[in-house]
Amino acid sequence: MPCVSNVLFAQCTRCSWGSGPARCPDACNLLGKGPVPCKACGEPRLIEDQAEQFFKSGHTNNWAVLVCTSRFWFNYRHVANTLSVYRSVKRLGIPDSHIVLMLADDMACNPRNPKPATVFSHKNMELNVYGDDVEVDYRSYEVTVENFLRVLTGRIPPSTPRSKRLLSDDRSNILIYMTGHGGNGFLKFQDSEEITNVELADAFEQMWQKRRYNELLFIIDTCQGASMYERFYSPNIIALASSQVGEDSLSHQPDLGIGVHLMDRYTFYMLEFLEEVHPASQTNMNDLFQVCPKSLCVSTPGHRTDLFQRDPQNVLITDFFGSVRKVEITTETISLDRNLAGFESELPKDVLATEPLKYADQLPVAQIIHQKPKPKDWHPPGGFILGLWALIIMVFFKTYGIKHMKHIF
């Protein structure tokens, strides 16, 4: 029987040869016919090794928290940054139910936008990253430091809907992307408050203590971004930043029609790299570290991997940007011969008939219906104030005349 070529063999446990698609090393073994020797060192590589390579990330679900902290029209690029990352993670498989999107301003509906209901990330104006199916979970003045920290730590009111919750667990890989204006050790939220690197580090530690993540990828595009991950001390975190301490993170893609820059340099080149990634891609984190060298970004991007337990070379991009469902293999036999009808009959019929069905009280509807409206404070209408001033001026002229105006002006 001829040799099967172009098949996927397991990675060698000794020399790491053979990861990814490869041809049969010695052109003599068929797939699934015992161990296949490594081409480099001769070590047998079993199919079980391939399965271990497939499941070594240890996560079963993916989440993404994407945050734009800037308001006002001249920060158009920050909204475009966040929406572009949002589009990429959705394309790679993370559903809206596992994405928490926080936008501090609505550029698509801004009166200055010459193309309403659109946000573009490239000056060719071909791709509208706002799209038709953007689900913004926190918008406008909901984007605060408090709400962001509550989302991460899970300390949110019981009335908060599921779409505004990060329902992760200890098998979740989480991508956290942030963009905005920052400085040495802080990131501004809407020019009114700021989050420090200490607060962020403590929030990640709470997440780890509460088993809210398996591995975490933190990316920040802001000035002096590397200062935001200096204080991290929790395990299983990879951090990337667009600039080092003392450097500015620069904008990119100016557009004369809109009048502002469309994106930041680091996010632009990162997304250019992600466009070449597909759900089954073998691209690893080391490739992501090199997407924007100083010759392109002008600033010096940085990354931190000392808290991460795995080698970044063995961490796939899709472990964080994608959501590929993995199947766990067991050698035990599971019997499925149970009689489903007999199983249903184990419950007494009188219990099924008498069990009351009711809706869960998610909101105090009765209190809302019978609640009296609060009395509004009375304010004089604008026309009343204008008429009062007109009456005062008429009385003044009637009494003193125009010659006394010099005593006023």
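In what follows, residues are counted from 1 in the order of the sequence shown.
- Residues Asn128 and Ala117 come closest through the heavy atom pair ND2-O, 3.7 Å.
- Atom CD1 in Ile317 sits 7.0 Å away from atom CG in Asn284 (nearest 0.5 Å).
- Between Ile195 and Leu200 there is a side-chain heavy-atom pair separated by less than 4.5 Å.
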- Query: Hey, mind stepping through Asp105 and Arg139 against salt bridge (charged side-chain N to carboxylate O under 4.0 Å, His left out) and telling me if it holds?
  - Reply: CA-CA 7 Å; Asp105 205 346; Arg139 65 175 67 246; over 6 Å; no

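- Side-chain contact between Val277 and Phe321 is absent, with no heavy atoms from C-beta onward closer than 4.5 Å.
- Proximity of Gln282 to Leu316: side-chain heavy atoms (C-beta onward) are separated by under 4.5 Å at one or more points.
- To the nearest 0.5 Å, the span separating SG on Cys297 from CZ on Arg265 amounts to 7.5 Å.
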- Task: Decide side-chain contact (heavy atoms from CB on, under 4.5 Å) for Asp221 and Thr267; before the verdict, give the C-alpha distance in whole Å, the side-chain angles of both, and the deciding distance to 0.1 Å.
- Result: CA-CA 7 Å; Asp221 191 346; Thr267 302; 2.6 Å; yes

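- Panel note: side chain Asn113, backbone Met107; a donor-acceptor pair is recorded below 3.5 Å.
- Remark: Ser234 OG to Gln206 CD distance equals 9.5 Å, nearest 0.5 Å.
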- Message: Is there a side chain to side chain donor-acceptor pair (under 3.5 Å) between Glu135 and Ser163? Walk through the geometry before answering.
- Response: CA-CA 9 Å; Glu135 295 185 11; Ser163 61; over 6 Å; no

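- Not a single donor-acceptor pair under 3.5 Å links the side chain of Ser172 to the backbone N or O of Ile174.
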- Message: One pair to check against side-chain contact (heavy atoms from CB on, under 4.5 Å): Phe308 and Leu217. What are the steps and the verdict?
- Response: CA-CA 10 Å; Phe308 205 70; Leu217 174 61; over 6 Å; no

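- Of the possible donor and acceptor atoms, none in the side chain of His122 sits under 3.5 Å from a partner among the backbone N and O of Met125.
- Of the inter-residue distances, the one linking Ile94 atom CD1 with Ile99 atom CD1 reads 6.0 Å to the nearest 0.5 angstrom.
- By the 30° and 60° cut-offs, the orientation of the rings of His181 relative to His78 is perpendicular.
- Between Lys123 and Asp255 there is no salt bridge, since no side-chain nitrogen of the basic residue lies less than 4.0 Å from a carboxylate oxygen of the acidic one.
- Between Phe289 and His303, the angle of the ring planes stays under 30°, which puts this pair in the parallel group of the 30/60° scheme.
- Not one N or O on the side chain of Asp264 forms a donor-acceptor pair closer than 3.5 Å with the backbone of Tyr266.
- Side chain of Asn62 to backbone of Asp319: a donor-acceptor contact under 3.5 angstrom is found.
- Looking only at side-chain heavy atoms (C-beta outward), Ser84 and Leu271 come within less than 4.5 Å of each other.
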- Query: Yes or no on side-chain contact (heavy atoms from CB on, under 4.5 Å) for Val134 and Leu83, after CA distance, side-chain angles and deciding distance?
  - Reply: CA-CA 8 Å; Val134 175; Leu83 289 175; 4.0 Å; yes

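- Residues Lys164 and Glu142 are paired through a salt bridge, judged by an N-O separation under 4.0 Å between the basic side chain and the carboxylate.
- A 4.5 Å side-chain heavy-atom check between Asn81 and Tyr76 finds every atom pair outside the cut-off.
- Using a 3.5 Å distance cut-off with no hydrogens or angles, the side chains of Ser243 and Ser249 do not pair a donor with an acceptor.
- Annotation: side chain of His252 is in contact with side chain of Tyr269 (closest heavy-atom distance under 4.5 Å).
- Aromatic ring pairs are classed by plane angle as parallel below 30°, tilted from 30° to 60° and perpendicular above 60°; the pair Phe148 and Phe189 is tilted.
- Contact of the Lys188 side chain with the Thr69 side chain is not registered, since no non-hydrogen atoms from C-beta on lie closer than 4.5 Å.
- Tested against Tyr213 for a ring pair (Phe, Tyr, Trp, His ring centres under 6.0 Å), the candidates Trp208, Trp63, Phe204 yield a single pass: Trp208.
- A side-chain donor-acceptor contact under 3.5 Å links His278 to the backbone of Ala280.
- Put simply, the side chain of Ser168 gets close to the backbone of Arg212: a donor and an acceptor are under 3.5 Å apart.
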- Task: Take Tyr177 and Ile220 through the side-chain contact (heavy atoms from CB on, under 4.5 Å) test and state the conclusion after the steps.
- Result: CA-CA 6 Å; Tyr177 173 84; Ile220 186 167; over 6 Å; no

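- Taking all atoms of both residues into account, the shortest heavy-atom contact from Gly183 to Ser227 is O-OG, 3.3 Å.
- Looking at heavy atoms from C-beta onward, Asp106 lies in side-chain contact with Tyr130 at the 4.5 angstrom threshold.
- Thr196 places a side-chain N or O within 3.5 Å of a backbone atom of Glu199 that can act as its donor or acceptor partner.
- Considering all non-hydrogen atoms of both residues, Ala226 and Ala241 come closest at N-CB, 3.4 Å.
- Of all the heavy atoms in Leu187 and Gly180, the pair that sits closest is CD1-C, 4.0 Å.
- A salt bridge links Glu275 and Arg87; the closest N-O separation between the charged side-chain nitrogens and carboxylate oxygens is under 4.0 Å.
- Within 6.0 Å of atom CG in Leu256, 12 or fewer heavy atoms from other residues, nucleotides or ligands are found, so the atom counts as exposed in its surroundings.
- Summarising the geometry, atom SG belonging to Cys292 is positioned 12.5 Å from atom CZ belonging to Phe273; distances are rounded to the nearest 0.5 Å.
- Minimum heavy-atom separation, Cys68 to Thr82: CB-OG1, 3.2 Å.
- Within the model, atoms CG of Asp137 and CZ of Arg165 stand 12.5 Å from one another, a figure rounded to the nearest 0.5 Å.
- Under a cutoff of 6.0 Å and an axis angle of 45°, Arg71 and Tyr141 form a cation-pi pair.
- The main-chain N or O of Asp248 is never found under 3.5 Å from a side-chain atom of Gln224 such that the two would form a donor-acceptor pair.
- Residues Trp73 and Asn75 bring no donor and acceptor atom of their side chains to less than 3.5 Å of each other.
- More than 12 heavy atoms of other shown residues, nucleotides or ligands fall within 6.0 angstrom of atom CZ in Arg91.
- In this structure, a donor-acceptor pair under 3.5 Å is absent between the side chains of Asn214 and Asp170.
- The pair Arg211-Asp169 does not meet the salt-bridge criterion, since no charged nitrogen lies less than 4.0 angstrom from a carboxylate oxygen.
- When only modelled atom types and interatomic distance are considered, Ser121 and Gln253 share no side-chain donor-acceptor pair under 3.5 Å.
- With 3.5 Å as the limit, one finds a donor-acceptor pair spanning the side chains of Tyr233 and Asp202.
- One N or O on the side chain of Arg304 and one on the backbone of Phe232 form a donor-acceptor pair closer than 3.5 Å.
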